[in-house]
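Note on naming: letters A, B, ... go to the chains in the order of the sequence lines (proteins, then strands), and numbering restarts at 1 for each one.
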Amino acid sequence: MTPVRRTAALVAASLIALGTVVVPSPAPAVAPMAAPVATKAAAVAVTKSKAMTRETIAEDGTVTQVDERNVSLKVSQTTNLRGRQEIGVSWSGAHPTGGLVGDLNSAAGVNQEYPFVLLQCRGIDSSSVPVAKRLRPETCWTQTWAERFSGTNNTAYPAWRSDAFATTAERAALVNGADPRPTLCSRPARAERWLPLVAASGAVYAGGTVGCAGMAPESSNVGGTGIPSNATYGITGTDGRGSTQFAVWTSEENATLGCSSSVPCSLVAVPVMGISCDAYGTKLPADDRPDAESAAEAAGICGAEDKFQPGQIATSGDAPNPATAGALWWAGSNWHNRIAVPLSFAQSPNVCSVVSKTKPVGIYGSVMMTELTAQWQPKFCTDKALKPFIHVQTADTSARTLLEAGNVDAAFSSRAPDGGFLRPTVQAPVAVTGFAISYVIDDADGRRYTKLRLSPRLLAKLLTESYPGNALIKNNYSALEDNPVNITKDPEFQALNPGLPEYVNSEAASTLLTLSSEADLVYALTSYLNADPEARAWLDGTPDPWGMKVNPTYKGIDLPVFSWPLNDDTLAPQSYIDSGNNPCYTYSPTPYLALIANPTAFISTIVLNMQYSISNVNTACPNGDPRDVSSLRLQIQGRQQPGFRFVLGVVPLSSIGRYGLTSAALKTGSDASPAYVSGDDGGLRAAAKLFKADPTAKTWAVDYDALRTTAGKSAYPGTIPVFADVPTTGLDKGTAARMAQFLRFAAGPGQVRGLANGQLPAGYLPLTKANGLAAYAQYTTRAAAAVAAQKGFIPALDPADDPRPPTAPTTPDAVVPPGDLPGVPGDGATPGGVEKPAEAGEVIQLLNSKTPGEHSTLGGYGLLVLLVLAAVLGVVGIGLRFGSELEAAAGPAIRSSLKKVRR
Amino acid sequence: MKSPLKNKRTTAKVVLGLTVALVALVGPSATAADSANSHALIQGSGSSWAANAINQWVADVANQGLRVVFTANGAAQGRKDYANRSNDFGVSDIPFRGKDPTTGQADTPLGRSFAYLPVAAGGTSFPYHIEVAGKLVRNLRLSGETIAKIFTSKITNWNDSQITKDNNNHALPSIPIIPVVHSEGAGVTNQFTSYLADQFPSIWGPCNGGITKETEYYPLNCGRSSGNQKAQAGSDGVMNFIKSAGANGSIGMEEYSYPLLANFPAAKVLNKAGYYTLPTQYNVAVALTKAVINEDPNSPTYLTQKLDKVYVNPDKRTYPLSSYVYAIIPTASNDDRMTTAKRQTLADFLYYSICQGQAEIGPVGYSSLPINLVTAGFQQIGKLKTADSGVDLSKRDVSTCHNPTFIAGKPRENHLAKIAPQPPACDKIGAGPCVAGQGAYNGNPGGSGGSGGAGGNPSGTPTGTGGGPTAGVPQSGATPGATDGLGLEDPAVDGSVAAGAPVAATLPADDSSGPSFVLTLLLVLLFVLVLLVPAGVGRLLVRRGGAR
């Protein structure tokens, strides 16, 4: 580059730089990091705009502008970020994308024309920082080698060699090739451009074909298992707009990229405009210019026509116009149009030591506590005053059974067992949280819909397998033939969510992904359906106003339930089975609608599916070969094509904030005047006000009927309390002390909202006076005392109702002599029996001690009274029936006595 | 009866106290010094049999800064992913075998270095769905032979006399059996077919195309194009099918944690000693004391299991289909997916898994590794350091390992197996059947369950009053007459409640629910009054009338 040209380039660059306008909105880009009381992870959106052009330079140096755009980028949150967190990215003014592919996070994305490329890069884009801390293509993460290598034998002049914005060195035939060239790598192609990856550690991964010269350990040749890449080849609609979610990574997820609170990184948007062609090399030194023939070839390649119309979907085998494809995101023409937004990460909290001499106490149960315990645990293991605990996720029902049987020391659950705990057990409120209906739905413009509203009846329709899901079932299953094929065709859904695209054949849009293991979360969801008159009537057989009927196998279903049953056992029609179109299904035909519902045992699967819009519908049979039994496994449909996504799933409310998911507003209030409320703090607060104290069970419960009152109109119906269930007798001293400590923490310090260790994450309403939940925290504090004392005492909800101070035992007979215990071996001489009595005795004695709920006078003596009464009546009845005959038959003595009885 | 027991308890308590003190003295004194190494995200895939345990560990270690992603796509796929270098560790019930002995599917690591490391023990259970009078039967018992015949379609109805015999002549109604198998290559299929091949070759062979070998791909309907069997994808698929309303009569195979999570019953399986048992953490631990582990560190299948002696373990606390599941880890120093940070994460994750991780999974349906396997596991983890001297393994050893199977001072003994409760008498062949919940005790050792005190190790130690495995089981009289068909029995009148299990999950009658003897008497009187007396009197009168 001659000095003159260099100056010109510099001027051009600064002009472009001037075009960059930074508009932080609505408040300063740096969120005020308030101390512990920061109410919410202050999500402050950042907006930036930039003018950009594509031009062509003719042989004589004349510059012709072929395209001009003014691109604006908005990022929903840029500070206080945590690993795997999703941030919303939207843009406008970009060139529409063509040749759309299904998976925007895969290497296939590079084959789109004019994609809006989003990358996470280490460093910041400023000339005021040292060069080492600036971002460049080498510090940007891509998952596969194909995203940072371009090689061809078809021509010596691929488009990137004509790049007007590339340096002379970058326009050579072989750029950045590994030196020495590893033997694994094939002979150099006619033109090769390598883009090495520079790790945070300074290590350089050269890449190359199939990563022959070394790839970062987090890389993958093919995509592979685990979490998808965050490099995104976003789609811009024909209106120039687009949006996506972007998962940011810390060094914990990706050490090579290495972003952290101390290593700054940026989100870099590269709106691909296409290569600004300088095919004749007017910007190159004379010696480096292609000859006339080559220049003509280069001009043809660089200025080629696009292969796709904007919005057109790519079919397999279609190659894009290489000059406008995403594969060249790193080329100067594209890269200099970048818009970089600095990201700052939350301080990585202290973590627990891998090696610990203290064994944690185990608390089993609720999946709704996962995010909370994840943030509390490090506090408990790093603070010397606290003792560690561990939260083992399991079915709430199973946790209660385990607790009752003395198999575990504590549980998290959301309701009292029917009839109460037999073992004196306090249920101390530790959280007010709930369930959410999460979704990924694209609107008619292919952008993510964020205003979903759902009613209990719609949820009931999804759960009861009442949408046939596809034409095959709809046309062959008479009970469902008049129902809409999926929810997008349902007028009730359309009325609530106008303007969404209708799908003819979307099985994913006919179901709601839920848990197959038992959970109080499902119990709450089904209680909500059950209490709604409209939903209940529909379940009982009343068609909705548009004529949709419940699947007959669910008609009149008893709710609530802990796990949703799969009732429909209809197979796909025999013709479908015989056709062999789906060899996996033909191999083993099973109820088809159950395959659509396909509930899963792990809540984490649902969260992951909602984060990445993965359809869990289990009807796919990729590469199924009837001759190869190992290929005949039905598989889930997997990631959906952006622009056409529709998945719905039940998740814990806390995962919404943690992973940046979207969640539906749910119907509350009366049928006559319904309201749709989201699971934010306001919705939770209003719902918690409606919780009903149950002085007998000594818990609080959701009052679903109250949702239909005026107060219920602002209440989020998915709200659920979570209790720590801890026995108040039978725990050993150490465990009792630790559980008491846990409860005291849960009642106070643990209820401060924030992202630091020991604070309360989003999705949990602090149990504070401000939220009207002071009584809950107080109860938990009193429960802590009862747990510490281990005298079998359970505090009353209202302190005034406590018969005596919590230290006094209320069940003095709790210790039963072991000899009275059933289930204990008589002589204990077996190997198992030898040491068992110590434990078994203890357990049994717990089982025999009584909780207040057991003492029912009616239950205890009612039957006795009834039986006595019945016996007397029996005698009298016999007397009445056979009296006269007996009189006649028996002797005079009996006759006289019978007379007496009759009188 | 009262006082001796009380004395025994006191003794036990004293011993227990002493042990705790002892453990506290000699116990771990590790400082919380962590490695200076950073961690990096690792990805694993494979066995859905082990997934409930592994997912829990993945959640647990997040607070140690370890990021682990596990995909439960089946053992066969997990090994394939490992060979294709698309994961950092695999999880599989079986080693690479060159090829599947039955289907001939290729099964090699494609040159990637590997070492096996047992991470969990558990039982292959048989969850089932049988409704009688609208109620779920929850106390089914089956012998291995019956199971073999069910899954080879030799027994096709629940009223089969062999099933009736298994249940001590309590017959089930006529309901066709729907055996449910995995459609993907599954470790659980391999475990089950290994058992069939070893124990019932004459039943299994004809079904498996004459090959009396194990396989990961179940021959649906014994290779016939149609039949009563169903193939379902993955553990979710199998459990969803069994639970569904239309699946009355179905029975599948799945790791015990799956039916526990779904609150669905699993069949008790007959062991060599003549008892029908469940795969509780105790019964699995006892069974696996007979597992033959390849202890030749130079063998490519070092630490892998031979289970033929497990199937026939004579201890009456045995669950016959018990097995281990393995992690497959890369040991080469030049493995291109590995870095120091990833090896450190893998090492720390595995350390957690085989130590503390073992303590929490008992109640949810797994069993713990005994010390010899934990020790060997440490050696295998050591290979990560051999590959990369930057890996820090200090303090990660048996002394800091909170594993319930061993207690200080007795390293070679499986504590869990030692303290395992005897099966109740009603689980014996020819007795019972027990009511649902009996013989299902699955709590953690030590105190009221869960963690022990300061020492952290399971408290309690054998007091050594001797007695062979057959001695001293209270042979309380089972009262077969008290149950009228499976699943319809009334626990309150079943005399077999007071059996050997330390905890009967079914509770004895609550003393405050009224004087039960009086109630029973009254009930009998009432029946006599209402049913017998009128008829008797009537008859008497008629006779008299006739005589007159």
Side-chain angles (χ1 to χ4, degrees), chain A residues 217 224-226 252-253 255 351-355 357 359 361-362 377-378 392 394-395 402 405-409 517-518 566-567 569 588 590 594 600 629-630 633-634 730 732 734 818-819 822-823 825-827 829-830 832 834-838 840-841 843 860 864 867 870-871 874 882 885 889, chain B residues 2 5 9 12 28 30 32 34 40-41 43 45 63-65 67 69 71 86 105 183-184 217 231 233 236 244-246 261 263 337 339 341 348 360 363-364 395 400 402 419 421-422 443 447-451 453 456 460 463 467 471-472 474 498 502-504 508 514 522 526 529 537 541 544:
Chain A
T225 51
E252 280 165 356
E253 285 80 30
V351 293
C352 301
S353 167
V354 172
V355 180
K357 65 176 170 186
K359 189 178 164 184
V361 59
Q377 277 169 353
V392 182
T394 187
L402 287 167
N407 289 3
V408 301
D409 291 329
S517 43
E518 296 207 324
L566 296 172
N567 282 0
D569 57 358
S588 178
T590 49
T600 173
V629 74
S630 72
R633 167 198 193 179
L634 282 171
D732 66 66
D827 57 10
T830 66
V834 173
E835 54 282 316
K836 266 301 158 193
V843 172
L864 176 70
L867 283 173
F882 300 111
E885 291 92 327
Chain B
K2 200 165 183 172
L5 241 181
R9 248 196 105 208
D34 253 18
L41 180 128
Q43 304 193 348
S45 62
N63 70 35
Q64 300 171 354
R67 297 283 175 272
V69 176
T71 313
S86 57
Q105 289 282 321
S183 60
E184 85 283 12
Y217 299 95
D236 275 343
S244 66
L261 262 180
N263 192 14
R337 277 191 70 94
T339 60
D348 287 343
E360 63 201 38
V364 299
K395 304 272 174 11
T400 59
H402 306 297
I419 64 167
Q422 295 293 335
S448 59
S451 60
T463 48
V503 171
L522 273 170
L526 188 64
L529 268 177
V537 171
L541 288 173
R544 288 236 179 134

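- Scanning all heavy atoms of the two residues, the minimum distance from B:Leu41 to A:Glu253 falls at CB-O, 3.2 Å.
- Residue B:Arg337 touches chain A through both its backbone and its side chain, counting heavy-atom pairs closer than 4.5 Å.
- Taking both residues in full, the closest heavy atoms of A:Asn567 and B:Ala245 are given as OD1-CB, 3.3 Å, listed atom of the first, atom of the second, then distance.
- Across all non-hydrogen atoms, the minimal contact from B:Ala40 to A:Ala255 is CB-CB, 3.9 Å.
- For the pair B:Ser183 and A:Leu634, the tightest heavy-atom approach, listed with the atom from each and the gap, is OG-N, 4.3 Å.
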